[in-house]
Amino acid sequence: MIARNIIVAPSILAANFARLADEIHCIEQAGADWIHCDIMDGHFVDNISFGPEIVGIVRKETQLPLDVHLMIQHADHYAPRFVKAGANSITVHVEPEAKHGIEKTLRAIREANCRPGLSLNPETPFDAVEPYLDKIDILLVMTVHPGFGGQTFRAEMMEKVKRAARWNELHPRKIDIEVDGGINAETAKLAIENGANVLVAGTSIFRAKDYAKAISELRGKK
Ligand code: DX5
Ligand code: ZN
């Protein structure tokens, strides 16, 4: 397995939105590498979160890369608005309900100088994303069903992480393998052992008293 630096991407879905700017400064100080923005439309997932205006506000508060996860229909239509808001990476879903032309959407994201990512729900087999791996920079393996924070990690998803890691071993260009949902110190360890290098975490960081401690524990440091 290729040893890579671990990237911790706190999901601001779990932040206190009444003091969002402070929360962003705090996770930045605590050692976050990226900021994960979960965008939900009430159609692709049964929840509504926030849109490009909020991402633009986050952009003004930090220099950290903004990792935008679109859990929405018609991601092709909305992606340019997130590019404009300052996203550094934009991940779209592969499921047919996401209703977009995957290759065309990924190409448009790259042409906008943004890193394209692809995600798959727990029910979706790895085979659904395999044909696109040479076109993306990030594979986001959902380790819970998308829509809500605070759910329990599904260890069976590690099979997909392993397959992505195997793909990386066989190809010179490495993709980031990101896990999202139920990530805490214990599940992060398992994900890293299986080949993940990007950890998204909402609850385990923002519900912790000490953000820096929570982030370093995700990296496997005490
Ligand atoms: C789930 C989102 C996740 C979520 C993670 O729909 O994509 O990013 O906010 O939250 P926790 O860490 O609480 O599982
Ligand atoms: Zn997410």
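Because the structure is predicted, anything quoted here is derived from the model rather than measured. Whatever order the structure lists ligands and atoms in, that order sets their numbers, starting from 1.
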Proximity flag G182 to ligand 1, non-hydrogen atoms under 4.0 Å: yes
Transitive ILVMFWY side-chain link V144 to V179, under 4.5 Å: no
Heteroatom distance test (S204, ligand 1): nitrogen or oxygen, under 3.5 angstrom: no
Atom indices of ligand 1, in the order listed, that fall short of 4.0 Å to a heavy atom of G149: 10 (O), 13 (O)
Where ligand 1 meets D180 - atom numbers and elements under 4.0 angstrom, heavy-atom basis: 2 (C), 3 (C), 4 (C), 5 (C), 7 (O), 8 (O)
N/O separation below 3.5 Å, I183 to ligand 1: no
Vertex the Zn ion (ligand 2), arms to H69 ND1 and D38 OD1, rounded to 10°: 90°
Subset of ligand 1 atoms that lie under 4.0 Å from at least one heavy atom of M40: 6 (O)
D38 side chain to H36 side chain, donor-acceptor N/O pair below 3.5 angstrom: yes
Heteroatom proximity flag, A201 to ligand 1, N/O under 3.5 Å: no
Close-contact set for ligand 1 against F148 heavy atoms, below 4.0 Å: 1 (C), 6 (O)
Minimum-distance protein heavy atom relative to atom 9 (O) of ligand 1: D38 OD2, 3.1 Å
Proximal ligand 1 atoms for G181, defined as those under 4.0 Å from one of its heavy atoms: 14 (O)
Structural part of L13 in contact with ligand 1, heavy atom criterion under 4.0 angstrom: side chain
Contacting atoms of ligand 1, where contact means under 4.0 angstrom from a heavy atom of G147: 1 (C), 6 (O)
Ligand 1 contact by G150, heavy-atom criterion under 4.0 angstrom: yes
Residue T203 vicinity, atoms of ligand 1 by number, heavy atom under 4.0 Å: 11 (P), 12 (O), 13 (O)
At the Zn ion (ligand 2): angle between H36 atom NE2 and D180 atom OD2, to 10 degrees: 100°
